[in-house]
Every structure is written in structure tokens, then in C-alpha cells.
Participant: 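Mind looking over this structure? Questions follow.
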Amino acid sequence: MPEPQPLEIYLNDHLAGATGACEVARNAVEKFSASSHRKFLTEFLTQVEEDRATLEEMIRTVGGTANPVKQAGAWIMEKFSRIKLSPGGLGSEEMSALLTVETLCIGVDGKLCLWTALKEVADDVEALSTIDFDALLARARQQRQGLEKERLTAARAALTATVGAAR
């Protein structure tokens, strides 16, 4: 079996991140189904799943294969994150929403880095030359803007809430 090339490793690392992001978003849709975040998170999940599929296709296009160990690791880490991001672990549903959305923000920031780096090298890597990185970047920026709006709404609710009795 040939040694993976740097591009394949890079794409697999981001595919693992996308796997984790899909799981965080899927859990958030369920967890916040009765909240104002539900509609946005449902649409966001669909887009993140599409971006993950794009990454899988890119890996095949460059002659690589998805790394199941990295996928499993991301899946397991997301399951552990549920403990920290749960309302019980944070003291309130509002704080859970804030940190969940911030986690997704970090993921989209990573995706912006990915698409920017790949756009930079696309002219030098024939397998990437036909991919519309401008469209992928525009979509990631739109996702990040939407997340920012949700984050600020969540921050307002979480950080101004009174916990327990007055002291």
C-alpha cells in the first residue's frame, strides 16, 4: 500500500473535522429542536453534510481514500463532547447552545482555511483545477455569518441569565 501523499493526509484531516461537525450539528438539531436555533441548525446541517460529501469526492479525485481511523476518532470525540456541551454539564440550555454554536464556528473557520489553501494550490494540482473554490468559500462565509448571528443570540440568552437565587 503506497504512503499517503500530503494532500490526501490534509483532506483526510479536514474530512475528520467535517465528520465531527456533522455529528455536533446533528445533535444540536435534536437538542435544540424547541428553540429559535432549530431552523438555522437544520439548514446548516444539510450544508455541512454536503461539504463533507464534497471532501470525500475530493479525496477520491486526488487518488486517495478516506481514513477510517480518523473518521472513527472524530465520531468518538464528538460523543465525548456531548458531556461538556450538554445543559447538565454547563448548568443551562442557554450556555449549552452558546458553546455548541461556538464549536461549530471553529469548525467553519477551519473549513475556510481548507478551501483557501486548496484554492491557492488548485492550479498546481490538476485534480483540483476544476473545483469551484470561490463558491465553496462563499458558502462557508455565509455559514459563518449565520453562525455568528446565532452565536450572539445564544450569548445574549446565556450570559445575561440569572442562575439560582440572588446572593
Participant: Supply the atom-to-atom distance Thr42 OG1 to Arg26 CZ, rounded to the nearest 0.5 angstrom.
Facilitator: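 Rounded to the nearest 0.5 Å, the OG1-CZ separation comes to 11.5 Å.
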Participant: Not counting sequence neighbours, which residues clear side chain to side chain donor-acceptor pair (under 3.5 Å) with Gln47? List them please.
Facilitator: Gln143
Participant: Can you give each donor-acceptor pair under 3.5 Å made by side-chain atoms of residues 113-124, sequence neighbours left out, with the distance rounded to 0.1 Å?
Facilitator:
| from | atom 1 | to | atom 2 | distance (Å) |
| --- | --- | --- | --- | --- |
| Thr116 | OG1 | Leu112 | O | 2.7 |
| Lys119 | NZ | Asp134 | OD1 | 2.5 |

Participant: Please, which pairs that meet ring pair (Phe, Tyr, Trp, His ring centres under 6.0 Å) have at least one residue in residues 39-59, sequence neighbours excluded?
Facilitator: Phe40-Phe44
Participant: Distance from Asn27 atom CG to Leu41 atom CG, nearest 0.5 Å?
Facilitator: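 That separation rounds to 10.5 Å.
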Participant: Could you work out, with salt bridge (charged side-chain N to carboxylate O under 4.0 Å, His left out) as the rule, every residue matching Arg52, not counting sequence neighbours?
Facilitator: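 Per chain and number, Arg52 pairs via salt bridge (charged side-chain N to carboxylate O under 4.0 Å, His left out) with Glu56.
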Participant: Could you give the distance from CZ (Arg38) to CD (Glu30), rounded to the nearest 0.5 Å?
Facilitator: 10.0 Å
Participant: Flag the pair Leu11 / Leu7 as yes when at least one side-chain heavy-atom distance between them is below 4.5 Å, and no otherwise.
Facilitator: yes
Participant: Could you pull out all residues at least two apart from Asn12 that satisfy side-chain contact (heavy atoms from CB on, under 4.5 Å)?
Facilitator: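 If we apply the side-chain contact (heavy atoms from CB on, under 4.5 Å) test to Asn12, skipping adjacent residues, the hits are Glu8, Leu15, Ile59, Ala66, Asn67, Lys70, Gln71.
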Participant: Indicate the atoms forming the closest heavy-atom contact of Leu104 with Ala25, along with that distance.
Facilitator: CD2-N, 4.1 Å
Participant: Just so I know, are the side chains of Arg139 and Glu50 near enough to count as touching, which here means a heavy-atom distance under 4.5 Å?
Facilitator: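 Yes; the side chains approach each other to less than 4.5 Å.
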Participant: Restricting to pairs with a member in residues 147-156, which pass side-chain hydrogen bond (donor to acceptor under 3.5 Å, both in side chains), not counting sequence neighbours?
Facilitator: His37-Glu150, Glu102-Arg151, Arg144-Glu148, Glu148-Arg151
Participant: Out of curiosity, does Val125 fall in the hydrophobic cluster containing Leu136 (side-chain heavy atoms, cut-off under 4.5 Å, transitive links)?
Facilitator: yes
Participant: Any ion pair linking Glu93 and Lys31 (charged N to carboxylate O, less than 4.0 Å)?
Facilitator: no
Participant: For a quick test of reading the model, state the closest non-hydrogen atom pair linking Leu128 to Phe133 and the distance between them.
Facilitator: O-CE1, 3.6 Å
Participant: Would a distance-only check, ignoring hydrogens and angles, find a side-chain to backbone donor-acceptor pair under 3.5 Å from Ser33 to Val29?
Facilitator: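 Not at all, since once roles are kept as given, no pair shorter than 3.5 Å links the two residues.
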Participant: Please name all residues satisfying side-chain contact (heavy atoms from CB on, under 4.5 Å) with Ala138, sequence neighbours left out, ordered by chain then number.
Facilitator: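 Per chain and number, Ala138 pairs via side-chain contact (heavy atoms from CB on, under 4.5 Å) with no residue.
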Participant: Checking Gln142 now: which residues fulfil side chain to side chain donor-acceptor pair (under 3.5 Å) with it, not counting sequence neighbours?
Facilitator: none
Participant: Is there a donor-acceptor pair closer than 3.5 Å between any side-chain N or O of Thr100 and the backbone N or O of Ala97?
Facilitator: no
Participant: What closest approach, in Å, do Ala16 and Ala74 show between heavy atoms, and which atom pair accounts for it?
Facilitator: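 Taking Ala16 first and Ala74 second, the nearest heavy atoms are O-CB, 3.0 Å.
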Participant: Shortest non-hydrogen contact from Cys22 to Leu45?
Facilitator: O-CD1, 3.6 Å
Participant: Under the side chain to side chain contact (heavy atoms under 4.5 Å, CB included) criterion, do Met95 and Leu98 qualify, and how do the steps go?
Facilitator: CA-CA 5 Å; Met95 187 62 77; Leu98 174 59; 4.0 Å; yes
Participant: Of all heavy-atom pairs between Val108 and Ala140, which one has the smallest distance, and what is that distance?
Facilitator: CG1-O, 3.4 Å
Participant: Do you know the tightest heavy-atom contact between Ala18 and Leu55?
Facilitator: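 That closest heavy-atom pairing would be CB-CD1, 4.1 Å.
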Participant: Report the residues that fulfil side-chain contact (heavy atoms from CB on, under 4.5 Å) with Thr61, sequence neighbours left out, ordered by chain and then residue number.
Facilitator: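 Partners of Thr61 under the side-chain contact (heavy atoms from CB on, under 4.5 Å) test: Glu57, Ala127.
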Participant: Sequence neighbours left out, what passes side-chain contact (heavy atoms from CB on, under 4.5 Å) with Ala157? Give chain and number order.
Facilitator: Glu94
